[in-house]
Amino acid sequence: MSASKDSLTVITRFAPSPTGALHLGNARTAFFSHLWARKSGGRFILRIEDTDAERSQLRFRDELMAEMRWLGLTWDEGPDIGGPSAPYSQAERGEFYRTLFAQLAANGEAYPCYCTAEDLELSRKLQRMAGKPPRYAGTCRNLTGAQRGEREARGLRPTLRFAVPGDRIIEFIDVVHGPQRFVSSDIGDFIIRRDDGTSAFFFCNAVDDSAMGITQVLRGDDHLTNTPRQLMVLDALGMRRPGYGHVGLLVGADGAPLSKRHGSTSVQEFRERGFLPAAILNHLLRLGHTSDIDGWLNTAEMPAHFRPEHLGRAPARFDESQLLHWQKETLERMSAGQISAWLGSGDAADFVELVRHNVVLPADAAPWRAVVDGELPPLGQDEQRVIAAAGPEFFAAAAAAFDQTNSDLKELTKILKQRTGRKGADLFMPLRAALTGQVHGPELAPLLKLMSPETARRRLRSHAQNT
RNA sequence: GCUCCCUUCGUCUAGUGGCCCAGGACAUCGCCCUCUCACGGCGAGUACACGAGUUCGAAUCUCGUAGGGAGCACCA
C-alpha cells in the first residue's frame with residue numbers, strides 16, 4: 001500500500017473548559033477529533049481550559065474525563081497522563097503565557113489597557129446606538145509612558161490588549177467551509193490577558209494549539225469568526241498555524257441550540273438512561289458527518305470510516321429516534337449475558353432472552369418483570385377495548401380452560417377455540433391483554449410459562465366477573 | 001447595526017453542470033411472517049427555501065430575496 005494523505009500524522013485535541021457536564025455537542029467534536037487522529041495513526045490530546053477560576057471545578061474535569069473514557073475516547077496526552085507538552089491544564093501554564101505576553105508587549109504588538117469594565121460597556125452601548133459594531137475604541141492604545149505611570153499610580157490594574165494591525169487580510173482554509181477571508185480592520189483590539197494576569201481564551205487557546213503541535217483543530221462553527229484573531233496572535237508571535245475546521249453546531253428538534261428543554265443533552269444523562277457507548281457513537285458518526293457505510297460499526301472500525309471532507313456545514317438537529325435505532329442495533333449484537341449485565345437487575349436468563357427484543361432502555365424491562373411476578377399497571381385504552389370486546393363470557397371460559405391446562409398456551413387456546421369459536425387475533429389478543437396488560441410484547445406462550453399459574457388464573461378471572 | 005456562516009424528504013444526509021422528473025438511513029404508512037401483537041422480512045409515499053440570470057443543459061455556477069445561526073465580552 002502506498003503512502004496516502006491519510007498516513008501523514010494528524011494531531012488533534014479536545015479542549016473543554018471544566019465548567020459543567022460533557023454536552024453531546026462537545027462530545028461530538030471530541031469524537032470527530034479522536035477519529036481523525038486514530039484514522040491517521042496520529043495523536044489525540046486532551047487539554048483542560050480552566051483559566052476561568054471562578055467557574056472551573058476539578059469535579060467537572062474528572063467527570064468530563066470519566067464520560068470520555070466511558071465513550072471510549074481515549075487520549076494520548078492529557079492532564080492525568082502527562083506528555084511532551086505538559087502541563088495540560090491551562091491554569092498551570094501561566095509562565096508560558098507570561099513569556100509570550102512580554103514578547104508581544106516588547107514588540108509593541110500588545111499594550112496595557114486601563115479601561116474599566118464600566119467604561120467599556122458604556123462605549124459599546126454608544127457604538128451600538130450609533131449603528132456601529134461594538135469594538136474597542138482604542139482609548140489606551142497610544143498612551144504615553146507618563147500617562148501609564150499616572151494610571152498605575154492610581155492603582156489601576158491593566159489588561160493586555162492585542163494591537164490589531166491595520167488593513168490586513170487574514171486568509172485561511174477551513175477544512176469544512178473552504179477558503180476564508182477576513183479584514184483586520186473589522187476587528188477591534190481584544191484582550192489577551194485579564195487584569196488578574198490570567199490569559200483570555202483567544203490567546204491561550206491559540207497559543208497552546210500551536211505549541212502542542214496540533215495539526216488540525218476541529219471545533220464548533222461558533223468559532224469561525226474568532227479564528228482570524230487567533231491567527232493574528234500566532235503570526236505576531238511567529239508561531240505555526242494549525243489547520244482549522246469548523247463543524248456545524250448541534251441543535252434541538254426546533255433548530256434552537258440544544259438545551260434542557262430538549263430532554264437529555266449531556267453524555268452523563270444518556271449514560272444514566274442506559275444508552276450504550278456504541279449506540280451514541282454510531283449516531284454521532286452520522287450527525288453532521290457522512291460515513292461511507294450506513295450500517296452499524298463497532299468502535300474500533302469507526303476511524304477507518306471517518307471522512308473529514310464529509311463534515312457538515314449546516315447545523316444538525318438531534319433526533320432521539322435515530323439514537324434509539326442505533327441503540328437497538330447495538331443491543332442486537334450483544335449476548336444474553338451482556339444484556340443481562342446491562343439490565344443490571346439479576347434477571348433470569350430465560351426472561352432476558354424472551355424480552356430482549358422488546359427492550360431498548362433498561363427501564364423498558366420493568367413492565368415485563370411486573371408481568372412475570374408483580375402487579376399489572378392500570379390498563380390502557382387499547383387493552384380495555386380488546387378486553388371489553390371479548391366480553392366476560394370469554395374470560396370465564398378462559399379461566400375454566402386454564403384450570404385444565406395450566407400454563408400450556410397451546411392447549412389453552414385449543415380448548416378455548418372449541419368453546420368460543422374464536423380464533424386468530426380475536427382469540428389471542430384478549431388473552432394477551434388480560435395476561436400481560438399490553439396488546440403487544442414478546443411471545444405469549446413462553447411469557448405465560450414464566451408467570452405463576454395463580455397469577456395467570458387471577459388475571460383471567462378478574463375479567464370474567466362484571467359485565 | 002456590522003462581519004461571517006448556513007438552507008436537498010418530518011429528521012440525518014448523498015450529490016462539486018448531463019449518470020438525478022434526485023440516492024441511502026431513521027421515522028411514518030402498507031404488506032408478509034406468526035392461530036396474536038411486538039421482533040423480523042419486504043415495499044410505498046414525501047425534498048433541491050424563493051426569484052432572476054449564465055448554459056444546449058443547474059440541486060450543482062452567478063446575483064438578489066427570505067429565513068435561520070454565530071461573532072463583535074476581562075465566557076470558553
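Numbered from 1 within each chain, the chains take letters A, B, ... in sequence-line order. Model, not experiment: these values are computed from the prediction.
- Rounded to whole Å, the C1' atom of B:U16 lies 16 Å from the corresponding atom of B:U62.
- Checking the phosphate oxygens (OP1, OP2) of B:G15, a side-chain nitrogen or oxygen of A:His310 falls inside 4.0 Å.
- When heavy atoms are screened at a 4.0 angstrom cut-off, A:Asp52 is found touching the sugar-phosphate backbone but no base atom.
- When the shell of 6.0 Å around CZ of A:Arg168 is examined, it contains 12 or fewer heavy atoms from other residues, nucleotides or ligands.
- When atom types are taken as modelled, the side chain of A:Asp347 and the backbone of A:Ser340 share no donor-acceptor pair closer than 3.5 angstrom.
- For the C1' atoms, the distance linking B:G10 with B:A27 amounts to 8 Å, nearest Å.
- Across the C1' atoms, B:C50 and B:A38 are found 45 Å apart, a figure rounded to whole Å.
- B:C48 and B:A58: their C1' atoms are spaced 11 Å apart (whole Å).
- Taking the six-membered ring for Trp and the full ring otherwise, A:Phe201 and A:His223 have centroids separated by under 6.0 Å.
- Toward the 5′ end of RNA chain B lies the nearest nucleotide of A:Gln180, the other residue of the pair A:Gln180 and A:Arg135 mapping further downstream.
- Ring pair A:Phe202/A:Phe190 is perpendicular by interplanar angle, where above 60° counts as perpendicular and below 30° as parallel.
- Among the nucleotides B:C74, B:U13, B:C5, the one closest to the side chain of A:Arg161 is B:C74.
- Applying the 6.0 Å contact sphere to CD of A:Glu309 captures more than 12 heavy atoms from other residues, nucleotides or ligands.
- B:A66 is paired with B:U7 under the Watson-Crick or G-U wobble criterion, all donor-acceptor distances under 3.5 Å.
- Rounded to a whole Å, the CZ atom of A:Phe162 is 16 Å from the P atom of B:C72.
- Residue contacts for A:Cys204: at a heavy-atom cut-off of 4.0 Å it reaches no nucleic acid atom on any strand shown.
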Which protein N or O atoms sit under 3.5 Å from an N or O of nucleotides 32-42 of chain B?
unit_1, atom_1, unit_2, atom_2, d
B:C35, O2', A:Gly424, N, 3.3
B:C35, O2, A:Lys417, NZ, 3.3
B:C35, O2, A:Gly424, N, 3.4
B:C35, N3, A:Lys417, NZ, 3.2
B:C35, N4, A:Thr413, OG1, 3.2
B:U36, O2, A:Arg432, NE, 2.7
B:U36, O2, A:Arg432, NH2, 3.4
B:U36, N3, A:Arg432, NH2, 2.9
B:C37, O2', A:Val439, O, 3.1
B:C37, O2, A:Arg432, NE, 3.4
B:C37, O2, A:Gly441, N, 2.6
B:C37, O2, A:Gly441, O, 3.4
B:C37, N3, A:Arg432, NH2, 2.9
B:C37, N3, A:Gly441, O, 2.7
B:A38, O2', A:Asn358, OD1, 3.0
B:A38, N3, A:Gly441, O, 3.2

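- With hydrogens and angles ignored, the 3.5 Å screen pairs no side-chain donor or acceptor of A:Ser56 with any backbone N or O of A:Ala53.
- Applying the Watson-Crick and G-U wobble criteria (two distances, each under 3.5 Å), B:A14 pairs with nothing in any strand.
- For CD of A:Gln381, the number of neighbouring non-hydrogen atoms (other residues, nucleotides, ligands) closer than 6.0 Å is 12 at most.
- Of all nucleotides listed (B:C74, B:G71, B:C4), B:C74 comes nearest to the side chain of A:Ile191.
- With C1' as the reference atom, B:U11 and B:G53 are 33 Å apart, rounded to whole Å.
- At a threshold of 4.0 angstrom between heavy atoms, the contacts of A:Gly288 are confined to the sugar-phosphate backbone, with no base atom among them.
- Put simply, CZ on A:Phe182 is 11 Å from C1' on B:A70, counting in whole angstrom units.
- Listed for the A:Arg135 side chain is a donor-acceptor partner under 3.5 Å among the backbone atoms of A:Asp186.
- Summarising the base pairing, B:A38 is matched to no nucleotide, lacking a Watson-Crick or G-U wobble pair whose two defining distances lie under 3.5 Å.
- Counting only N and O atoms by type, the side chains of A:Thr116 and A:Asp119 include a donor and acceptor under 3.5 Å apart.
- Only the C1' atoms considered, B:G15 is 23 Å distant from B:G51, to the nearest whole Å.
- Shown here is A:Glu95, whose CD atom has no more than 12 heavy atoms of other residues, nucleotides or ligands within 6.0 Å.
- Going from atom CG of A:Asp221 over to atom P of B:G69 covers 13 Å, rounded to whole Å.
- Nucleotide B:G53 forms a Watson-Crick or G-U wobble pair with B:C61, both donor-acceptor distances falling under 3.5 Å.
- Pair check for B:C2 finds B:G71; Watson-Crick or G-U wobble, both atom distances under 3.5 Å.
- Distance noted for atom C1' between B:C32 and B:C19: 34 Å (whole Å).
- Taking atom P on both nucleotides, B:U3 is separated from B:U8 by 25 Å, rounded to a whole Å.
- Listed in residue order, the members of residues 314-322 of chain A having a heavy atom less than 4.0 Å from RNA chain B are A:Ala314, A:Pro315, A:Ala316, A:Arg317, A:Asp319, A:Ser321, A:Gln322.
- In this structure, A:Ile170 atom CD1 and B:G71 atom C1' are separated by 14 Å, rounded to whole Å.
- Between B:C6, B:C12, B:G1, one nucleotide has an atom nearer to the side chain of A:Arg286 than all others, and that is B:C12.
- Along RNA chain B, the nucleotide nearest to A:Val176 and the one nearest to A:Arg28 differ in position, and the one closer to the 5' end is contacted by A:Val176.
- Taking only side-chain nitrogens and oxygens, A:His177 comes nearer than 4.0 Å to OP1 or OP2 of B:C6.
- B:U46 is unpaired under the Watson-Crick or G-U wobble criterion, no partner having all donor-acceptor distances under 3.5 Å.
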